[in-house]
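Accompanying notes for the structure given below.
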There are 2 protein chains.
Amino acid sequence: MAHALSLHHRLSHADAPTDSDRTERAIAQSEAVCRSKGARLTPIRRRVLEALHGVDGPLGAYDLVDLLGSQGRRMAPITIYRALDFLIEQELVHRLASRNAYIASSGTVAGARTTAFLICDGCGDVNEIASPDVAETVLKVLRDQGYQPRTKVLEITGRCARCQDVH
Amino acid sequence: MAHALSLHHRLSHADAPTDSDRTERAIAQSEAVCRSKGARLTPIRRRVLEALHGVDGPLGAYDLVDLLGSQGRRMAPITIYRALDFLIEQELVHRLASRNAYIASSGTVAGARTTAFLICDGCGDVNEIASPDVAETVLKVLRDQGYQPRTKVLEITGRCARCQDVH
DNA sequence: TTATTTATGTAGTGTTATAACCTATATGAA
DNA sequence: TTCATATAGGTTATAACACTACATAAATAA
């Protein structure tokens, strides 16, 4: 991938309890979601989800292979992909097609809302926003066309406020 | 790619003049656009663009390698990618990240409008729509966030009207 | 013409994703 | 519990997509 940012830059501080707390809460919530749907959040799937919650930004599938491999037995790429498929199915993770990367669904897993990701070309930051206006407008167009949407993810690339005017 | 549809299904009828007429007009318009910008629509780039206009739907980079290779000297993948980069730069072609595929910009090349692609999981059809409402709503959100957008392409996957209720 | 830039050729490699097949574990029914 | 079935994961290999690096050729500007 030739990462713009090294993994280390994106790893959360281990000594800042808030981050791991957030991860724990997200996992607990995910477990509840899976239980209610009869879906099995197995140890592998859970570890992948934890890894994605543990970093600030998206990770490639092979990033996950390396990251999880470094803290235990190395898993084959296909294993990671299978876990990702499951997590995407449960809408716990989004695939950022434009980046070939995966990111944990943030916060409100509440409804099947349309979310947009603002992906910065400069710093690589990914900003997940849930705009009811955009969601509604898009849904209206889809209704007009007779489309039944599956993906409700919009990926928009450009430059974030901090990275304006830079090359 | 293990194409859901064979190339032949997607090739336009050679004996239906309307299709090739459309392609010719699109190419003529593209030539004009390039001339006005001082960009060079070389024979290779032109052939790639023609190929994309000549089919009904997106093509992968290696589909283009095969398609163009079958009607002349085989070109290396990098050659196709370079041509695609140019065409995307000129906004004559869009990359569909979710499909690893490329599609010719349809019709109104007029302005840098936000376009949305409705990609059908069932039949693979790609429907390009230019909704001013969606465009405006998205731009408003981006302004609020201080984002300066580059990609103005929204990819939405789901099922088209014809493919509802199927599996 | 000559210098410079832009485009293409060639070979190799990096990166992302899946196929095919087998084994193990979990779940439900008898 | 025991067996049947379904689901998850292990292993190996390969497919599919994209680009690096460097050489050559063609177009453009000086």
Side-chain angles (χ1 to χ4, degrees), chain A residues 1-7 31 34-35 37-49 52 58-69 72-90 92-103 124 155 157, chain B residues 1-7 31 34-35 37-49 52 58-69 72-90 92-103 124 155 157:
Chain A
M1 198 183 223
H3 310 94
L5 300 170
S6 81
L7 266 182
E31 263 176 345
C34 286
R35 239 193 330 268
K37 290 197 275 184
R40 282 143 67 180
L41 188 61
T42 63
I44 287 180
R45 291 164 175 174
R46 190 194 163 107
R47 281 179 69 202
V48 170
L49 186 57
L52 288 172
L59 290 176
Y62 283 75
D63 289 338
L64 286 163
V65 171
D66 293 344
L67 191 54
L68 298 181
R73 192 158 164 291
R74 182 189 163 87
M75 286 180 279
I78 186 70
T79 301
I80 300 295
Y81 281 108
R82 289 197 277 228
L84 288 171
D85 285 347
F86 169 86
L87 295 169
I88 290 167
E89 186 83 23
Q90 309 304 321
L92 299 173
V93 166
H94 289 301
R95 172 174 146 80
L96 297 181
S98 63
R99 294 262 161 159
N100 294 323
Y102 304 84
I103 190 168
E155 297 178 38
T157 65
Chain B
M1 197 182 223
H3 310 94
L5 300 171
S6 82
L7 264 181
E31 262 176 346
C34 287
R35 239 193 330 270
K37 290 198 275 184
R40 282 144 67 179
L41 188 62
T42 63
I44 286 180
R45 292 164 175 175
R46 190 195 163 106
R47 282 179 70 203
V48 170
L49 185 57
L52 287 172
L59 290 176
Y62 282 74
D63 289 338
L64 287 163
V65 170
D66 294 344
L67 190 55
L68 298 181
R73 193 158 163 290
R74 182 188 162 86
M75 285 181 279
I78 186 66
T79 302
I80 300 295
Y81 281 110
R82 288 196 278 228
L84 287 171
D85 285 347
F86 170 86
L87 295 169
I88 290 167
E89 186 83 24
Q90 309 303 320
L92 300 173
V93 166
H94 289 301
R95 172 175 148 78
L96 297 182
S98 63
R99 293 261 162 159
N100 294 324
Y102 305 84
I103 190 167
E155 298 178 37
T157 65

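Chain letters run A, B, ... following the sequence lines, proteins first, then strands; residues in each count from 1.
Rounded to whole Å, atom P of D:dA15 lies 16 Å from atom CG of B:Asp63. To the nearest angstrom, P of C:dT8 lies 14 Å from CZ of B:Arg46. What separates CD1 of A:Ile80 from C1' of D:dA8 is a distance of 14 Å, to the nearest Å. For B:Leu59 and D:dA16, the CG to P distance is 15 Å, given to the nearest whole Å. Between the CG atom of B:Asp85 and the C1' atom of D:dA18 there is a distance of 10 Å, given to the nearest Å. Note: CE (A:Met75) to C1' (C:dA17) measures 17 Å, nearest angstrom. Taking atom CZ of A:Arg99 as the reference point, atom P of C:dA17 lies 14 Å away to the nearest angstrom. In this structure, B:Leu41 places its CG atom 17 Å from P of C:dT6, rounding to the nearest Å.
Judged by closest nucleotide on DNA chain C, B:Ile44 is the one of B:Pro77 and B:Ile44 placed further toward the 5' end.
Residue B:Arg95 places at least one side-chain N or O under 4.0 Å from the OP1 or OP2 atom of D:dA18. Contact annotation: A:Tyr81 side-chain N/O to C:dA17 OP1/OP2 distance is under 4.0 Å. Within the structure, every side-chain polar atom (N or O) of A:Thr42 is placed at least 4.0 Å from both OP1 and OP2 of D:dA8. Residue B:Tyr102 places at least one side-chain N or O closer than 4.0 Å to OP1 or OP2 of D:dA18. Within the structure, a side-chain polar atom (N or O) of A:Asn100 is placed less than 4.0 Å from OP1 or OP2 of C:dA17. Considering only side-chain N and O atoms, B:Tyr62 lies nowhere under 4.0 angstrom from the phosphate OP1 or OP2 of D:dC19.
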Distance-only check: which donor-acceptor pairs under 3.5 Å involve side-chain atoms of residues 41-49 of chain A, not counting sequence neighbours?
residue : atom : partner : partner atom : Å
A:Arg45 : NH1  : A:Arg40 : O            : 2.7
A:Arg46 : NE   : A:Glu50 : OE2          : 3.1
A:Arg46 : NH1  : A:Glu31 : OE2          : 2.3
A:Arg47 : NH2  : A:Leu68 : O            : 3.2

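Heavy-atom minimum distance, B:Leu84 versus B:Ala61: CD1-CB, 4.2 Å. Scanning all heavy atoms of the two residues, the minimum distance from A:Pro58 to A:Leu96 falls at CB-CD1, 4.0 Å.
Taking every side-chain heavy atom of A:Ala76 into account, D:dT11 is the closest of C:dG9, D:dG10, D:dT11.
Taking the C1' atoms of five terminal pairs at each end of the helix from C:dT1-D:dA30 to C:dA30-D:dT1, the two resulting helix axes are inclined by 40°, rounded to 10°.
Under the side-chain hydrogen bond (donor to acceptor under 3.5 Å, both in side chains) criterion, B:Thr79 pairs with no residue, sequence neighbours left out. Qualifying salt bridge (charged side-chain N to carboxylate O under 4.0 Å, His left out) partners for A:Arg74, counting only residues two or more places apart in sequence or in other chains: A:Asp66.
B:Arg74 comes within 4.0 angstrom of nothing in the nucleic acid, heavy atoms only. Within 4.0 Å of A:Arg73, counting heavy atoms only, lie sugar-phosphate atoms of the nucleic acid but no base atom.
Side-chain contact between B:Pro77 and B:Leu64 is absent, with no heavy-atom pair separated by less than 4.5 Å. Proximity of B:Phe86 to B:Tyr81: side-chain heavy atoms (C-beta onward) are nowhere separated by under 4.5 Å. Put simply, the side chain of B:Ile88 does not reach to within 4.5 Å of the side chain of B:His94, judged on heavy atoms.
Under a 3.5 Å cut-off, the side chain of B:Glu155 and the backbone N or O of B:Ala97 do form a donor-acceptor pair. Counting only distance, with no hydrogens or angles, the side chain of A:Asp85 and the backbone of A:Arg82 share no donor-acceptor pair below 3.5 Å.
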remark   = Its contact letters, B for base, S for sugar-phosphate only and - for none at protein heavy atoms under 4.0 Å, make nucleotides 21-30 of chain D read B-----SS--
